[in-house]
Structure formats: C-alpha cells, structure tokens
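Below: one structure, written as structure tokens.
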Amino acid sequence: MRYLPLSDTDRADMLSAIGAASIDDLFADLPAEKRLATLPKLPPHASEQAVARRLGAMAAKNTSAGSVPFFIGAGAYRHHVPATVDHLIQRSEFLTSYTPYQPEIAQGTLQVLFEFQTQVARLTGMEVANASMYDGSTGLAEAVLMAHRITRRDRAVLSGGIHPHYRGVVETVTRFPGHTVESLPPDLSGTEDILAAIDETTSCVVVQSPSFYGHLYDLKPIAEKAHAVGALLIAVFTEVVSLGLIEPPGAQGADIVVGEGQSLGNPLSFGGPYVGLFATRQKYVRQMPGRLCGETVDADGKRAFVLTLSTREQHIRREKATSNICTNAGLCSLAFSIHLTLLGGVGLTKLARVNHANAVRLADALAALPGVQLLNRAFFNEFAVRLPKSAAAVVEALAARNILAGVPASRLEPNRPELENVLVIAATEVNTDEDRAALTAALREALA
C-alpha cells in the first residue's frame, strides 16, 4: 500500500467535515497529562541497508530456542515441526485463502477447516468443534461466557492450576459485564479441593490438565459435582500433545474443552500467531462461538462443504451474536492439521510417549540434586520444582551459560512470595541426553 501524505488543506477539510477544530480534538478522551507536548525525538532517516544491519544486530542479541538447551514451556512449547508442514502452507492456494466471506465458493478452505474440526473433536473426545479461535486464552474466555449463556448464571470457578495468562484473560473479559470469577490460589501440590467451591450459583468450573504446574487431574468427580448443581465443566489444556496419552476430557465428563494447538505445526515465534482449539457437546452447538463448517452434497449429488453455523457479529445482528470473534486462525489451523495428519493416531501416541519419557528422565535427574524438590506426583512433559534460592536468579545465571532452564512461576505470578523459588520446566522430543546433562550440571553449580 502506498503512503499518500495529506496536505494542510486536506487535513483542514477533513476536520471541518467532522466538526473538529483541530487534530487535538480527536484525542479529547485522553487525559491531557498523558499526551506528549511535542513530537518524540526520533533518529534521522537511514538507508534500507543500514536499517537492516542495525535491526539484525539487535536481533542477534536474542538467544534462539534452537541454538541452546531449551526447557521453556508454560503454554508455548518447542517441538519438531516437519519441513512438509511449512512447504504445504506456503502454497499460494492456502497462503492467500484468508477467510470464507463467500463460503460456498471457497470449497478448499471449507474442507480444510472441516477436517480440522474433525481432528479436534476426536482429540478432545467431544461431539463438535469449531473452525478455531485466536488462541487458547481467548478461547477459554469465550467458553466461560458460553457457559454463562447456557446456565443463565454468572459465577465461574477457576482452578489454581489455570495458566495465569488464561486466568487474566477470563478476568478481563468478564469484568465489565459484572460477572463473578472465583480464582483459587496456585495449586502447587495438585491437591486443591475444588469441589468445595462448586455450589448452586456456579455457572462453570474451569480445570486445566495438565495444569500450569504440570499436575494431572481426574476430571470425572469434578464433572459429577458440577452437573449435580447444574453447572458445566470446562476443561483446558495448553499442551495438545498430551492428548496422545491422557484420556480425552470429553470421556471424563467435560462439557466444553478449550486449549492451545501451537505444539502441532506451529513453531515458537515471539508469542504467536497460534491457534485456539474449541469443542463442545452437540446440544450446546448454537451457543458455540466462531464458525462451524459442515459437509453436504451439491445439486449434482457431489460431496460439498458449507459454512453451517456462524454465530458471530460479522454474520448476524450484533445483539444475536455469541461472540465478537471476527476471524479464525486459518493458516495456523491448517499447519496443525497437516502436522497431525503426518503423525496419525499412532504417531501422536508415540510422540507423546517420547515427551513423557524425556520429562521423567529430566525430573529424576533434577530431583536428585541437593535442595531441589519435585512438586509433582504425576505429569506429562512439564513439571515444577522448588529450588533453595530464587528461581528467577537461577534462570538468569543459567541463561548466561546458554541454557534456557524454564519459567520462574514468580514471573507470571509476581505478587505471591510462595512462588519465589518455584521453577516450571518442560521437556519435549527435541531435548537430547546432552541437553539434560547440561541443565543438570549447570543447576548443580548454580545452587552450590
């Protein structure tokens, strides 16, 4: 898009047309003390080559995930993404097919999304899935709002194992409608009594498994208690590969399942874009946000795909919309589907077993270090340890040695002293024996 600067006359004409005396009038809602009195001092212009050189030097200061032993998880995981995935999503018919505004014309896009929905429904053990959400956190917020509509209640109970970012998004989205969110304290031991927080005023209870701290929960008794009082169970995950080993949430009684699909097909990339997964029971389909693609036959009896349901404000009246979600993560969901198709069911299970085995090896090695306490009785590929000193300080010390050791819990929960020494560590199929040995040796020295 070309940049076409406006003249002073152009600006005056535009201001006159909208009845504003000056450009400052357009920012009247901003407090005067928050506005700059003068333009900021920017560096002088430079050539494209000089700018590229400068930015390249700045980028080189970062330590990339693939260049050092890497054990960071906490909602975004480093997995091997086959080269086939990137090759296929770069094809022009996929790369340019953004969103089906004239859906029946975009048969290829609709079929891709239909296959994606099928995969998500089978993974989660649910009856229906949508064509993706922005990411796992916004998907959870939409799930809570959906539960409020279904139950006609507005009190959500959030487990202490919920990812802090996910909890924060839920609290932000529900604050202005005046809904109630009861967030339980961090569940470091995986033994919280969430059943005690469920009563007849509860709209939904939200449980993440594996949790932010790596704990695995049996969802069945939670689902039974929720259903007994007319509430819904929302199951959450941030590591979709775990579903290759863990019983699907749908089989454990969940009513809505949401999570992040980044681990399949989507590499780490400075926080996104990622792909939110959302599935539910058939009876709740009309309250499900986003799009739903379906299969039918055309006038000649041939297989065809349609946009079956789209209860979002771009398609229907705003007051009838279930969500203000205005797109789906189409290209990321395609990458997810390609990777999962390459794996197949057997391949996903094998991948999950390798992840779990690598994490067990690492946890055993770290728990043997003096002063290190493993906080998990069971976990998938992520676990938490308590160190004898500040986890943040230890992570910085190891980063100086080119080892990215994990995420200090205090980084995401800064106002909780009990988390100061807690470190969340992830191990996936990309970690080698040498990586694990390097982390173990460096941590031993850092704690000496």
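Residues take their numbers from the sequence shown, with the count starting at 1.
- Heavy-atom contacts from other residues, nucleotides or ligands closer than 6.0 Å to CD of Gln49 number 12 or fewer.
- Under the 30°/60° scheme for interplanar angles, the aromatic rings of His215 and Tyr213 are found to be tilted.
- Under the side-chain hydrogen bond (donor to acceptor under 3.5 Å, both in side chains) criterion, the residue pairs touching residues 63-75 are Ser64-Ser67, with sequence neighbours excluded.
- Partners of Tyr77 by ring pair (Phe, Tyr, Trp, His ring centres under 6.0 Å), not counting sequence neighbours: none found.
- Checked against salt bridge (Lys or Arg N to Asp or Glu O under 4.0 Å), Arg153 has no partners two or more places apart in sequence or in another chain.
- With hydrogens and angles disregarded, a donor-acceptor distance shorter than 3.5 Å links the side chain of His163 to the backbone of Ala74.
- Side-chain atoms of Ser209 come within 3.5 Å of backbone N or O of Tyr217 as a donor-acceptor pair.
- At a threshold of 4.0 Å, the pair Arg53-Glu48 does not count as salt-bridged, since none of the basic side-chain nitrogens sits closer than that to a carboxylate oxygen.
- The backbone N or O of Thr432 sits less than 3.5 Å from a side-chain atom of Asp435, completing a donor-acceptor pair.
- Partners of Asp29 according to the salt bridge (Lys or Arg N to Asp or Glu O under 4.0 Å) rule, which considers only residues two or more places apart in sequence or in another chain, do not exist here.
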Quick one: side chains of residues 387-397, donor-acceptor pairs under 3.5 Å with protein atoms, not counting sequence neighbours, listed by atom name and distance.
residue	atom	partner	partner atom	Å
Lys389	NZ	Ala446	O	3.0
Ser390	OG	Ala392	N	3.4
Ser390	OG	Ala393	N	3.3
Ser390	OG	Glu420	OE2	3.0

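- Residue Arg152 qualifies as open at atom CZ: its count of foreign heavy atoms under 6.0 Å is 12 or below.
- Of the possible polar contacts, none joining the Glu192 side chain to the Ile194 backbone as a donor-acceptor pair under 3.5 Å is found.
- Partner Glu429 forms a side chain to side chain donor-acceptor pair (under 3.5 Å) with one of Arg353, His80, His79 and no other, that one being His79.
- Within the structure, every pair that satisfies the side-chain hydrogen bond (donor to acceptor under 3.5 Å, both in side chains) test and touches residues 136-149, not counting sequence neighbours, is listed here: Asp135-Ser137, Asp135-Thr138, Glu142-Ser323, His148-Ser203, Arg149-Gln287.
- For Asp86, there are no salt bridge (Lys or Arg N to Asp or Glu O under 4.0 Å) partners two or more places apart in sequence or in a different chain.
- Remark: Thr118 engages no residue in a side-chain hydrogen bond (donor to acceptor under 3.5 Å, both in side chains) (not counting sequence neighbours).
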Show me, pair by pair, the donor-acceptor contacts under 3.5 angstrom made by side chains of residues 272-280, not counting sequence neighbours?
residue	atom	partner	partner atom	Å
Thr280	OG1	Asp255	O	2.9

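- Counting only distance, with no hydrogens or angles, the side chain of Thr151 and the backbone of Ala147 share a donor-acceptor pair below 3.5 Å.
- Residue pairs meeting the ring pair (Phe, Tyr, Trp, His ring centres under 6.0 Å) criterion with at least one member in residues 411-448, sequence neighbours excluded, do not occur.
- A donor-acceptor pair is defined here as one N or O able to donate and one able to accept, closer than 3.5 Å; no such pair exists between the side chain of Glu382 and the backbone of Ala426.
- When only modelled atom types and interatomic distance are considered, Ser337 and Glu115 share no side-chain donor-acceptor pair under 3.5 Å.
- Remark: the backbone N or O of Ala254 is paired with a side-chain donor or acceptor of Arg281 at under 3.5 angstrom.
- With sequence neighbours left out, His356 forms a side-chain contact (heavy atoms from CB on, under 4.5 Å) with Leu245, Val360, Phe380.
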Please table the atom pairs, donor to acceptor, closer than 3.5 Å between any side-chain atom in residues 407-417 and protein atoms at least two apart or in another chain.
residue	atom	partner	partner atom	Å
Glu413	OE1	Arg167	NH2	3.1
Glu413	OE2	Arg167	NH1	2.9
Glu413	OE2	Arg167	NH2	3.1

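- A salt bridge between Asp433 and Arg361 is absent, with no side-chain N of the basic residue lying under 4.0 Å from a carboxylate O of the acidic one.
- Counting only distance, with no hydrogens or angles, the side chain of Thr428 and the backbone of Arg78 share a donor-acceptor pair below 3.5 Å.
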